[in-house]
Trainee: 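Structure below; questions to follow.
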There are 4 protein chains.
Amino acid sequence: MKDDESKESKREIILHAAEKMFAGRRFDEVKLDEIAAAAGVGKGTLYLYFKNKEDLFAQMAVEGLDEMTERIRAIALMKLPFQERLFLFGREFSAFLARRQGVMRVMNQVQPAPVSKIFRRHLGRTIQAVHALLQKGMDEGALRRDFSVSELRCVLVGPILLKVRRETHEGEVIDLNALLNFFWAGAAEKKK
Amino acid sequence: MKDDESKESKREIILHAAEKMFAGRRFDEVKLDEIAAAAGVGKGTLYLYFKNKEDLFAQMAVEGLDEMTERIRAIALMKLPFQERLFLFGREFSAFLARRQGVMRVMNQVQPAPVSKIFRRHLGRTIQAVHALLQKGMDEGALRRDFSVSELRCVLVGPILLKVRRETHEGEVIDLNALLNFFWAGAAEKKK
Amino acid sequence: MKDDESKESKREIILHAAEKMFAGRRFDEVKLDEIAAAAGVGKGTLYLYFKNKEDLFAQMAVEGLDEMTERIRAIALMKLPFQERLFLFGREFSAFLARRQGVMRVMNQVQPAPVSKIFRRHLGRTIQAVHALLQKGMDEGALRRDFSVSELRCVLVGPILLKVRRETHEGEVIDLNALLNFFWAGAAEKKK
Amino acid sequence: MKDDESKESKREIILHAAEKMFAGRRFDEVKLDEIAAAAGVGKGTLYLYFKNKEDLFAQMAVEGLDEMTERIRAIALMKLPFQERLFLFGREFSAFLARRQGVMRVMNQVQPAPVSKIFRRHLGRTIQAVHALLQKGMDEGALRRDFSVSELRCVLVGPILLKVRRETHEGEVIDLNALLNFFWAGAAEKKK
DNA sequence: TATGAATGAGGCTTCATTCAT
DNA sequence: CATGAATGAAGCCTCATTCAT
């Protein structure tokens, strides 16, 4: 806690500044000058922490994604009824996306080759974690087995992604619980 | 019908070439040289039909969207049981997105200000058409009234978008009918 | 007199249109599109009458210059007192420059190599004609011999050029007769 | 004083390089590449000092003009007989024009709108200074009052401009003193 | 470690010129 | 003769990247 930057490392300061700049704008629209200015550092400093613009973009995108992945895995292992774990996931995932628009951005932008390599691997892990969560629900007898896990994942995550996008871009507010309830009503194994 | 381009206007040839080039790559990764070459025209010719690169991008994005909007409206008015209209919409919408990756691209990429103006208006109309379709289903007593139309739209369209993206980018195949059935099971008004 | 263009050949129509466009603007600021439009002909037509833009520019510049040269020569040979011939020259030269701004333009602009070849030769002839006029005045005993003809030419033509430029660009009006009287007072051989 | 550029700022180095390149050639004939090469800097560096090509052109034109204006004003105030001040002005003005061909260039070329704004204002000041000099001569009783100051200015400056142009473009040498003597003989107030 | 002045590769864009009609 | 759609060479300008300090 040497200066006013509290605990945040310079690397993270830059990433957060970049995330703000990239939100709502294309890769080519954001200049490194802007990012440096927003982060309050010199332009050259960016190159002390990142190989180049693509790398900065990729790391920003990945930033937090791993954290989310861990969180999903933790939720899956919790000692709670499956429905509660599912709703917890829904709330945290939605909040994560809303908070980290930069990640959304990259999820939505097409990945250029080199960025893609890094980002896809990390995103793949996140998807895998969701997959595992749903698989667990199935194994526990909480979810219907006549849908594939991929289908359930699609039906669960798709609406959440769309909701966040609508809220971010258009300001339309959509009730998360309604979406989760809809999913649960259709996906839960009927108790006999 | 001089050559193999049959009836297609030069403008459309360019747009289709552009769509192919923009698929899977960022705006700044695609060079006008490539587009011109792909369309089989000179670089300068692009400027006879489009103001600049942004404009070409925007028009490509809008291209076909209006057509889809009209199609949705037509489907809504068909003399078919609502479920059939719904499934027809699902199939056509999914096919449309898969076919016109360029539009998907722009739906996903963040729109720079000037492009956005144009694109949002057109996209808004498409969304409105889906909205109207669902509203009609509700009015006809085919859809449950305890979800808002916005929520239903989210739950219907979200999974389709995700499915197409997964298939396009990752090659994962997801069964469209499963998604539609899931939606219908949860959204259909229960006959007493 | 076939149509409404009276007698003027298409070539002259183009040259006059070009002169209007080049007045007050740099060579690179004037587009052939504009000239064609102003002349009411197609762009391709320009190339039926001129080799290229430089050539059109050069011919426009020369246009009328030869005519002026002939006029000066004629004035020199007139059976009038020298002073009257001198003042006549002054009035016609001034009027010519004011009327044909395009020529002024090129007189003032730096001549690019190929244009220069043509233009300098013609301008040289005009200057030569003025030179001959003054030489004649000297030979006739009307002009002082203690100034060189080049000096007298400078003192006569310089003020006229400046006058026209000021009037064209700044709207300042300067009395031509004052300039001519000044010259005559200083250059006329004193009668003993 | 690291290298041979002594004290000259990079901005001035560029302006002087530009002046050499623009001398005798049209605006569109000079490429920024050349100017950069001539100045010994990278192409991009030009844009650190000038907004664009037009701006560089304009600043080059104005460069030195202000200095000349100040010099004229200083000459006007000198404690010398008016004739000496006048001849001093003539010599310095002539030398200035010969030295700074770039300025001549722009004085002669027609100014495109944005350049013109800047240049005309500065040129106007120079003209005003000459005007003031002559006005002073009149007030001091050194110059005849039966010519307007504008007329005298025309008769004094016109020949100098033409002389410099002839010398620069055609290599014809004209005696400055002859021109100044001619002016003085015609413009000086006769002592009774 | 931090900077930002300098760079130059490369893209978008313009526009003189051509040529099929 | 006349046209104007098509072209592509070429230039201005941007901006990611470097490096001397």
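Residue numbers begin at 1 in each chain, while the letters A, B, ... track the order of the sequences.
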Trainee: Starting at atom CG of B/Leu46, determine the distance to atom P of F/dT7, rounded to an integer number of angstrom.
Mentor: 9 Å
Trainee: Expressed as a whole number of angstroms, how long is the span from B/Arg11:CZ to F/dA6:P?
Mentor: 14 Å
Trainee: For the residue pair D/Ile13 and D/Val41, establish whether any side-chain heavy-atom pair is separated by less than 4.5 Å.
Mentor: no
Trainee: Can a cation-pi geometry be assigned to B/Lys53 and B/Phe27, taking NZ or CZ under 6.0 Å from the six-membered ring centre and within 45° of the ring axis?
Mentor: yes
Trainee: Counting the atoms with a prime plus P, OP1 and OP2 as sugar-phosphate, which does C/Phe50 contact under 4.0 Å by heavy atoms, base, sugar-phosphate, or nothing?
Mentor: nothing
Trainee: Do the side chains of A/Glu63 and A/Glu19 get nearer than 4.5 Å, heavy atoms only?
Mentor: no
Trainee: Considering only residues two or more places apart or on different chains, which pairs with a residue in residues 35-48 of chain B satisfy side chain to side chain donor-acceptor pair (under 3.5 Å)?
Mentor: B/Asp33-B/Lys43
Trainee: Yes or no on side-chain contact (heavy atoms from CB on, under 4.5 Å) for D/Arg26 and C/Asp28, after CA distance, side-chain angles and deciding distance?
Mentor: CA-CA 9 Å; D/Arg26 280 191 321 240; C/Asp28 60 294; over 6 Å; no
Trainee: Dot-bracket, DNA chain F: Watson-Crick or G-U, under 3.5 angstrom, [ ] crossing, | other strand?
Mentor: .||||||||||||||||||||
Trainee: Which sits closer to the 5' end of DNA chain E, A/Tyr49 or D/Gly40, going by the nucleotide each is nearest to?
Mentor: A/Tyr49
Trainee: Side-chain contact, heavy-atom cut-off 4.5 Å: A/Leu15 with A/Tyr49?
Mentor: no
Trainee: Rounding to an integer number of Å, can you tell me how far A/Leu48 CG sits from E/dG4 P?
Mentor: 13 Å
Trainee: For atom NZ of C/Lys20, decide whether the heavy atoms of other residues, nucleotides or ligands shown that lie under 6.0 angstrom number more than 12.
Mentor: no
Trainee: With respect to the phosphate group of E/dA5, does any side-chain polar atom (N or O) of D/Lys10 fall under 4.0 Å of OP1 or OP2?
Mentor: no
Trainee: Under the 3.5 angstrom rule, does the side chain of D/Gln59 hit a backbone N or O of D/Leu56 as a donor-acceptor pair?
Mentor: no
Trainee: Write down the distance between CG (C/Asp55) and P (E/dT17), rounded to a whole number of angstrom.
Mentor: 10 Å
Trainee: Summarise protein proximity over nucleotides 9-14 of chain E in one line of letters, 5' to 3': B for base, S for sugar-phosphate only, - for none, counting protein heavy atoms closer than 4.0 Å.
Mentor: -BSSBB
Trainee: List the steps and the verdict of side-chain contact (heavy atoms from CB on, under 4.5 Å) for D/Phe119 and D/His122.
Mentor: CA-CA 5 Å; D/Phe119 184 73; D/His122 289 260; 5.5 Å; no
Trainee: Rounded to whole Å, how long is the line connecting atom CG of A/Leu56 with atom C1' of F/dT17?
Mentor: 14 Å
Trainee: Go through F/dA2, F/dT7, E/dT7 for me and flag the one nearest to the B/Thr45 side chain.
Mentor: F/dT7
Trainee: Using atom CD1 of C/Ile13 as one end and atom C1' of F/dC1 as the other, report the distance to the nearest whole Å.
Mentor: 14 Å
